[in-house]
Structures are given as C-alpha cells and as structure tokens.
Amino acid sequence: MELFQELNEQQYKAVTHGEGPLLVLAGAGSGKTRVLTCRIAYLVEKKGVKPDEILAITFTNKAAREMKERVEHLLGGGIKGMWISTFHSACVRILRRYIHEIGYNNNFVIYDESDQLSITKDIIKQLNMDERYYPPKAVKAEIGRAKDSLIVPSDYYKMYRDDFRRSKIAEVYDLYQKRLQQNNALDFDDIINKTIELFTLKPHILEYYQKKFKYILVDEYQDTNKAQYLMVKMLSKGHRNLCVVGDDDQCIYEWRGANISNILDFEKDFKDAVVVKLEQNYRSTGNILECANSVIIHNRGRKEKRLWTRQGSGSKLRWYQAYNERDEARFIVSIIKEMVGEGRKYSDFAVLYRMNAQSRAIEDALVEMGVPYRIVGGLKFYDRKEIKDIIAYLRLLVNPQDDVSLKRIINVPKRGIGKATLDVVEKVAGDMSCSMFNVLLKEECQGALGTRAAGRVHDFAQTMLNLMAFKVSASLVELVEELLDKTGYIQMLESQRDKEGLDRMANVQEFISAVKEYEEINEDSTLEGFLENVSLVSDIDTLEEDYGSVVLMTVHSAKGLEFPVVFVSGMEEGLFPHARSIDDPAGLEEERRLCYVAFTRARQQLYVTSAHQRTVYGNTVYTTVSQFIKDIPDHLIEQIGDRDKEHIEDRGKGDNRIIKLSEVRKKDTAQDKPKFNPGGKVEHARFGIGTIVSVSGTGEDEELKVAFPKLGIKQFIVKYAPIKPVEQ
DNA sequence: TCCTTTGGAATTTTT
DNA sequence: TTCCAAAGGA
C-alpha cells in the first residue's frame, strides 16, 4: 500500500503496531486521523481482520463520517459491518437492542440539557426545596458530575451523608433517575452509563461484544470521562487490542467531566502498553508552533512533548491592541478584506473567541463591511423554541410516557390548559403511577377536573390519538404536516405576523426540509430514527469545508479544525483566561490548553487581538492584557496598531472599504426606483424590517434615520450598508 | 388562564 | 446589555 510510505517513522510504528494496548500521543496537527485511518486499513488489508471486528470511536459525528470516508477510500470500499461511530451512537445502537433487559423500553427517547433542567426543577419544587439555595442549574450540574464519574444515587448519598446540602441533592438525584425511567427516557450520560449497567448485569451481552470487537480504536481519548473509559475498558478486555489516540494538551472539556488522567495514566492501566509520540506537525509554521509551545509549557500536569515542523518559521504572530471591541472587530474585518484583495478566499479565515457573546461586535463589523460569514454554535437550530415544540410533539407520539414533552406542548398553542389543570393531572398520574398522557385518556380521572378543563384535556388527547393513528400509515413529512395543522401550531405561527413570527415560520419550513432529507437519505426511515438523529447531531457536524465565508466560532468549537489564517480575539485577563477559571490552578491549566488549541488551528498566519476597554453586560470595563500573550517571547510577536497613535472609536468610518449607502442606492436605482424615501421600508441585517423616518445628506454623507417600533427604536442612524430596501 | 412587569443572572457544550 | 423565568394583576 503506497500510502503507508508517506508515513513518518512514528506514524508508521503506530499504524503497524500488532496486538496489545497502544497509546498514541498525537500533538496538534501531527496527522492522528491519518494514523487512525491507516491503521484500520492496515488491520483489514494486512492482518486479515474482518470489518465487523473493528470498533472505532470518535467524539463527533463529523469525525466519524470523515473517518468512514477515508477508510473506505483507503480500502476501496468494503467496510460493511465496521462500527465507526461516536460513543453515543454506538451505545444507542446497543441499547435499542437490549435495554428492555434492564427495565426500559427499546423505544426510549433521549433528553437534552433543557429537558434535564426542567426535570431537576420539578423535583426541587416537589421536595419543597428552596431554589435560592439549590439553584436548579447547579443541582443539575452536580448530578451530571456524579453521572460522569459513574456514581449512582445511593453511592452519592453514602459519600455525602454528613453534608446536608449534598444529601438533599442526593435525594434529587435519586428521584431524577426514577423520573427518567418512568418517562422511558435517557439523558446523554445515561446513554453511556446504562450501557455499562447492561454489560454489568447481563454479562453474556458484554461477552458477545467483547468477542465481536477484536480491535478497538478511540480518538480524542483525552476527552473521555470515567464512564466512557470504563466502557472501553470493559469492551477491550476480551482481546486487549485497544488503541487510543489523543493529546493531553488538548483536553478542554474537563469541566464537562472529561478526565485527563485517563490518558495520563494509560500506561499504568495497561502495563504492557506501547507508547508512540507524534510530535512532527504538518499543519502550522514554526513560529505558530513556538507560540503555542511557549504557552502550554507552563502547565504542570502534562506529558512532555514539543511540536516541531519541517516547514519554515513563517511570519510572526501579529498582535493588535484595540481600543475597544468595536475597534477590535473592525481591525479583524479590515485585515480580512485586505487579504482577500490579495487573493485569499473568505473561507481561509476563522475568527475565534472565548465566549459566544463576543461574536456580536464582530458580526456587526462583518455586516457593516459586507463580508460573508458563518457562525458555528450559539443557538442551535434544534434548540429553537418552535423546533423543540415540534420535536416534543413527535416524541410524545413515539413515547406517550414522556411527561416532559407533554408538559411542554399541552398548552402550545394555547388551549386553556393551565397550571392548575396540569397540577391535577400530574398528581393523579403520581397516585396511579402511570404517565400523564395515560391520565388524560382515563374518563374517571377526568372527574378530578372541572367540566371545562376536562373537555379541553380530552380534545388534546383525542388530537394526539388521531395523530398516532395517522402515523402508522403516513410518511414522516406527511405526519409532521398533519401535526402542524391539527394541533393548530401552524395557525398560531401564521397569526404572528412580525419578524419573529416569520422567522419561526421559516424555521419550521427548514425543519420540514430536514425531515424530507432524512427520509430521502434513509431507506427505512422511522420517526424514532429521526428523533435520535436530531438528538445526536450538532452544529459543527454540518460545517462544510468551503462555504465561501469567514467562520466565527468559539475556541471549543474549533477543536479539530484548521484554517490558513486565524484570529484569536479578546486576549484579556478575565476573558481569556476566563474570570471563572482564573483563581483555580486546574481551571487555569484548562484555559491554557484552550489557548494552545486556539493557536494551533492556524496554518500560516495567526493574529491575536485584545481591547483596552470592553463592554461586558452593559458596562464598560478596562482590561489587562492576557497572561497568555505575555507568555510568548518578544521575538515571536509583531505588535501592530497603537492606541496612542490612533483615535480609534470611529476609525472604520473614514474607511473606504465600507460600502456606502449611496452605493446601495446606485445599485438599486439600476432598476429605476429610488427606494430610500421617508415612509419606505428597509430591512436591517440585525433589526429586521423598519420604516424610514428621514433621509439626509448626499453622496458620501448620505444617511437614513430608520425606526424599528417592534424593538422600541424610534430612530436609528444608518450610514453604511447593513440595510437594504424592501419591496412594498 | 393569560399577559405584563420586574428582577436577576450572564463561560466553554463533542453527545 | 440581553435574556429568561417568576410574580402579580386583569
């Protein structure tokens, strides 16, 4: 296989490793995906391992998909039966088959974060606990932490018997698990934990998979939590052919339960493990690596390694110290425009930030200067209210035991079923230990309600029953359309004729397209399958290689990606490193790893920016430069821009790269109507549709005053391009 | 039950 | 600043 010849010595060693445990410490950009895919190909081609004897685990669907494609390419097809998937999909696959053995129904639904929160909140109320002392979010996080470490409620209680607060949380945790089971639902942690439970309680099932998977490979091993670690350990016990690949310096999810000691202690755990270090970097220039190294070197708990490259050192890191976040944003965008003028594509650039909230200023500047961009993360499509509502309806159709979904939609749209009614239904359900939907169906239980409420409840139940009947013979799209109509949901959206209503409508349409697409791609498409897909897919999974746009995202989202030019913005104490981590040594180490991840995304040019003052939550604060910038030796940095020399606040305005309103008008008058007249409508990129109050100035100085009454904006001055005329 | 007002909190989020 | 959820009034 000629592809193997392109491997360096270390890579080759990892790829051709025979039997037994293998740890590959793969620095950023050192070709770890290549090693993984080649190793799989090697096993099949040279070692005669059958595809269905291989289990390869990744963290994201995107990574799984890419790995699948690459392996398929290397082998020229023939990977049928190979499991290349995320932890979660692999476990769901197992559980769909066997979970009935441990007291769930195989058609379980998957609860997301907000479902978890609403259950936690419910239980806190039910136990009459004070939400001020037990903030539901904190309690949920605490429960999550316990689950990540595989601590069951009874153990949790024993551990914290003497801690009053935690014993109360133990109670919540216990009820939380019971509630999930009653609802026939699993949360993300359960997907792993219940698989382990299944393996523990039903050894013959474990044995089956142990025998089946002769070779197990795990990517991003530094981000596994205790449960995932144990699952891998259990499965690999049969053949002990476990290959894990990861980089302790890129563990950035410790706060979510990732356990960095999994990778640090691998050799203790598997005494005969072979360790291969990949330190040659194929991605970045020497200077970029030097910068990344100079930051990460301050971490104590890490495996010694140092990235190097055969590439030249490249240009220095460029650091712009802006006046404020608007100046910072304009700087970034103007550099992008400049470099695009010199022949780069927009998709060569990524702008990274620590917090989603930072995207705002950057977006404004991009819009103002007419640069196409895409945001990854933030509010996910499937997290939008209207989409979650539809999904709740669908879930209820699949799994009538799902009280959380029922409560979400029983009064959306308004059906006159309020809190009082729901409380009664919930109480009865509790007494009879059955689901709330079941209660709605029972005549005698409706006795507990007034006639009016009983009638409304009955109507709702009947609608759902009809849909369940309809579901049997209809396609998915038909079902969704019927649902939207018969529940009155679409009518509700139609009656809301403002920008928000239109947006929602558009989202619903997009949702229907997604359903359609799912149906087309999957031959044996089922509602259950679709819902599962929805639960397990994220935004980053759909990031296409070349979108012709600049990409904006958090540093977390950028892990695993690379771009020719990267901007890391907001390099300030309190922001990056974040204030929440700054006092805690472990937290600071994680921030440092995050910074390392950010820097190593860049292939050719890395920019960092900081602002002297920044408006955070409405008030403006003066900032200090990030310690991470100070970690970088002077000879690697080139500082550009200086607040003493420039008056910065409105620097962008005199900049001829900004599209003037007059130019917009010129374009539109080509179709002969002057569009900017008082009373006319325009659409603003952020504020939506507004009415022109007045037009003043001419040529270069033209400006509009626009009112956006919906937003309470009486006059907004628009001088540059984030606006376009709207046909009346 | 529904609508408006008010107050408090506000990282990161592969699944 | 901006978002959300709880509380209070109609």
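Quick note on labels: first sequence line is chain A, next is B, and so on, each numbered from 1.
With rounding to whole Å, A/Leu422 atom CG is found 11 Å from B/dC2 atom P. Going from atom CG of A/Asp115 over to atom C1' of B/dT15 covers 14 Å, rounded to whole Å. Rounding to whole angstrom units, CD of residue A/Glu220 and C1' of B/dT13 are separated by 15 Å. Spacing between atom CZ of A/Arg593 and atom P of B/dT14 amounts to 18 Å, rounded to whole angstrom units. We find that CZ of A/Arg145 is positioned 18 Å from P of B/dT13, with the value rounded to whole Å. Going from atom CG of A/Leu352 over to atom P of B/dT13 covers 12 Å, rounded to whole Å. If you measure from atom CD of A/Glu532 to atom P of B/dT15, you get 13 Å, rounded to the nearest angstrom. If you measure from atom CZ of A/Phe87 to atom C1' of B/dT14, you get 11 Å, rounded to the nearest angstrom.
Applying the salt bridge (Lys or Arg N to Asp or Glu O under 4.0 Å) rule to A/Lys32 yields the partners A/Asp219, A/Glu220; only residues at least two apart in sequence or on another chain are considered. Shown here are the side chain to side chain donor-acceptor pair (under 3.5 Å) partners of A/Thr620, two or more places apart in sequence or in another chain: A/Thr615. In this structure A/Asp402 satisfies the salt bridge (Lys or Arg N to Asp or Glu O under 4.0 Å) test with no other residue, sequence neighbours excluded. With sequence neighbours left out, the ring-ring contact (aromatic ring centres under 6.0 Å, His included) criterion links A/Phe87 to A/Phe59. Listed by chain and residue number, A/Phe530 satisfy the ring-ring contact (aromatic ring centres under 6.0 Å, His included) test with A/Phe511 (two or more places apart in sequence, or in another chain). In this structure A/Asp115 satisfies the salt bridge (Lys or Arg N to Asp or Glu O under 4.0 Å) test together with A/Arg395, sequence neighbours excluded.
Here B/dT12 is in the anti range [glycosidic angle more than 90° from 0].
Look at A/Asn61 and you won't find any side-chain N or O under 4.0 angstrom from OP1 or OP2 of B/dT14.
Contacts of A/Asn411 with the nucleic acid, taken as non-hydrogen atoms under 4.0 Å apart, involve only primed sugar atoms and P, OP1 or OP2. Backbone-only contact: A/Ala420 has heavy atoms under 4.0 Å from sugar-phosphate atoms and none from a base.
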Polar atom pairs (N or O), protein with nucleotides 4-12 of chain B, under 3.5 Å:
{"unit_1": "B/dT11", "atom_1": "OP1", "unit_2": "A/Tyr617", "atom_2": "OH", "d": "2.9"}
{"unit_1": "B/dT11", "atom_1": "O4'", "unit_2": "A/His578", "atom_2": "NE2", "d": "3.3"}
{"unit_1": "B/dT12", "atom_1": "OP1", "unit_2": "A/Asn356", "atom_2": "N", "d": "3.1"}
{"unit_1": "B/dT12", "atom_1": "O4'", "unit_2": "A/Arg354", "atom_2": "NH2", "d": "3.2"}
{"unit_1": "B/dT12", "atom_1": "O2", "unit_2": "A/Arg354", "atom_2": "NH2", "d": "2.3"}

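A/Lys427 and A/Asp423 are not joined by a salt bridge, as no carboxylate oxygen comes within less than 4.0 angstrom of a charged side-chain nitrogen. Looking at A/Glu363 and A/Arg360, no side-chain N of the basic residue comes within less than 4.0 Å of a carboxylate O on the acidic one, giving no salt bridge.
In this structure, A/Ser89 and A/Ile417 both approach DNA chain B, and ranking their closest nucleotides by distance from the 5' end singles out A/Ile417. Nearer the 5' end of DNA chain B, as judged by each residue's closest nucleotide, is the contact made by A/Lys414, out of A/Thr224 and A/Lys414.
Pairs passing the salt bridge (Lys or Arg N to Asp or Glu O under 4.0 Å) check and including a residue from residues 89-99 of chain A, sequence neighbours excluded, read A/Arg96-A/Glu532.
In summary, contact between chain A and DNA chain C, defined as any nucleotide atom under 4.0 Å from a heavy atom of the protein, begins and ends at C/dT1 to C/dA6 in the 5' to 3' direction.
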